[in-house]
2 protein chains.
Amino acid sequence: MTDRSRADEDLTARARIREAALRVFAERGVSGATIRGIAEAAGVSAGLVQHYFRSKEALRRACDEYAIDVMTRTKQDALDGGVSTPGFLPMALTVSLPVQRYLARALVDGSSAAAALFDDVVEFTEDMLVEGAPGMSPAKTSDPHAYAAVLAAMAFGVSVLHEHLTRTLGADPLTPAGYPRMTLAMLDILTDDLMSPELLAQTRAAVEQLRSFAPGAATDRDQRIPTSKAAARKTDSDPPA
Amino acid sequence: MTDRSRADEDLTARARIREAALRVFAERGVSGATIRGIAEAAGVSAGLVQHYFRSKEALRRACDEYAIDVMTRTKQDALDGGVSTPGFLPMALTVSLPVQRYLARALVDGSSAAAALFDDVVEFTEDMLVEGAPGMSPAKTSDPHAYAAVLAAMAFGVSVLHEHLTRTLGADPLTPAGYPRMTLAMLDILTDDLMSPELLAQTRAAVEQLRSFAPGAATDRDQRIPTSKAAARKTDSDPPA
DNA sequence: TTGCGCATTGAACGTTTGTATTGCACGCTG
DNA sequence: CAGCGTGCAATACAAACGTTCAATGCGCAA
């Protein structure tokens, strides 16, 4: 946990604390992280954390600001044509992946900055879907907004669940070592049609039919379920051990 | 927060506590949840929570067990042909969606049960990809394992980020009211080819090329980034406010 | 009725948390 | 050299936390 890279020693104590907070918040979550833990990770005293960022909440906000700042800058660099510059991608990843790791956790912990980022991505995606974009076929959907939102959630999903992909794939996708394999798989998935037209139509019909049940189903608890639901309910009233 | 449905009053205190813990753990995360908060949500004293489940960790494990139990049972019911029974889907969702909400959070909070569930889904998916399944076209990928893992992460992603989909779509996808719209959008996404073959090939090439940079890039901090990276670095050494 | 066992509560304890405060060393300016 | 602001650490404190424990109420067998 104290394996800060030597490059950190170039930074101000304030920046080192923010960097450490980024890591600890990402790993433990905001409520799981402690000021003392962040201080230890940064190699400073707990008092110094309090001195620079007056409260834990303020430190969190500072991390949020920094994160969206980095993401905005990286996005701008990419749009300015940096993508074509050789070596841009690996370097952009090196600086932005820790931030992505933080934002992934922030999305779950309920940060307003992460929420704003999510909404931005949704809006950006939806614009691309309806207006079209170079290289993009217009999406065949009757609900572009939901399409964009769900696509964004799925894309962020691989970041949020990077820990599990690390375990399964052997390398963290939020790391230059693991990033390519994940991205290639994602391209395969978004390209591939993995359902036959018949199964697709069948599934779609089932979900459509669900719509008529849906509005009442949330409050109507008295419906009978025709399978082993009774057994499941029985578990609920198990006598204490 | 105290809007427990009247159906809860049928349950044992122990079951009511577990149900409340499921909700609170899902909303606040395991480290954000408190024994007293769970007790209040269940309408009992904090001591009683401690009496039935001896520690917070044990309560968490009980929730894990219950969650995978419900998911296993629901999956079994579906495989036993319950899917075709009219009314199965809405009822299955009603009982399993709160559990899904818990598991989504557990995936991020590092529960071993959730990790096992994730791995199960990956294995199940990979088997379907290589062996083929009724209605499923064999996936066109050179890396079925990564394909399955990333697909699983994306599918779970919409659960994990359901809060953001709720904000964007106006209805929680982990609710009978919001579930259909999300699922239909997901079907669109997995069916659609949204990238042109040229852009796809171009992106793939860029990622492939990244592979040669990757192994060293993680430790090599001294590369130069040719864009506004210098400005970003400047933020790092900002003097304290 | 008496006594026993279980469900449930409320207070208490020690620890950890976020935060406030004090004190010290050092580099700069006059 | 004196004085002073600043970077930083150590201590102090109240609140909240997980956990323990004694006490109360209540149904049921003897």
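All chains are named by letter (A, B, ...) in the order of the sequence lines, taking the proteins before the strands, and each is independently numbered beginning at 1.
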### Query
What is the distance, rounded to the nearest whole Å, between atom CZ of A:Arg36 and atom P of D:dT11?
12 Å

### Task
Measure the distance from CZ on B:Phe53 to C1' on C:dT8 and round it to the nearest whole Å.
15 Å

### Message
Checking side-chain polar atoms at under 3.5 Å, does B:Asp64 have a donor or acceptor matched by the opposite partner on B:Tyr102?
### Response
yes

### Task
Rounded off to whole Å, could you give me the CD-to-C1' distance for the B:Glu57 and D:dG18 pair?
12 Å

### Query
What does B:Ala33 touch in the nucleic acid at a heavy-atom separation under 4.0 angstrom: a base, only the sugar-phosphate, or nothing?
sugar-phosphate

### Separation of atom NE2 in A:His51 from atom C1' in D:dC8, rounded to whole Å
8 Å

### Message
Rounded to whole Å, how long is the line connecting atom CG of B:Leu48 with atom P of D:dC21?
### Response
17 Å

### Query
Just checking, is any N or O donor in the side chain of B:Ser96 or B:Thr74 under 3.5 Å from an acceptor N or O on the other one?
no

### SB check A:Arg28 A:Asp109 (cutoff 4.0 Å)
no

### Message
Set out, in order, the CA-CA distance, both residues' side-chain angles and the distance that settles salt bridge (charged side-chain N to carboxylate O under 4.0 Å, His left out) for A:Arg167 and B:Asp119, then state yes or no.
### Response
CA-CA 9 Å; A:Arg167 187 185 57 252; B:Asp119 293 345; 2.9 Å; yes

### Sugar-phosphate, base or nothing in reach of B:Thr34, heavy atoms under 4.0 Å
sugar-phosphate

### Query
Reading nucleotides 20-28 of chain C from the 5' end, what letters show protein touch, with B for base, S for backbone sugar-phosphate only, - for no heavy atom under 4.0 Å?
---------

### Task
Find out whether the Lys NZ or Arg CZ of B:Lys75 is both under 6.0 angstrom from the six-membered ring centre of B:Phe124 and within 45° of the ring's axis.
yes

### Query
Taking atom P of D:dA10 as reference, at what distance in whole Å does atom CD of A:Glu40 sit?
13 Å

### Query
Is the shortest side-chain N to carboxylate O distance from B:Arg73 to B:Asp69 below 4.0 Å?
yes

### Message
Taking only side-chain N and O atoms of A:Tyr52, does any of them lie within less than 4.0 angstrom of OP1 or OP2 on D:dC8?
### Response
yes

### Query
Would you call B:Glu57-B:Arg61 a salt bridge at under 4.0 Å N-O?
yes

### Task
Using atom NZ of B:Lys56 as one end and atom P of C:dT15 as the other, report the distance to the nearest whole Å.
19 Å

### Task
Write down the distance between CZ (B:Arg16) and C1' (C:dA7), rounded to a whole number of angstrom.
12 Å

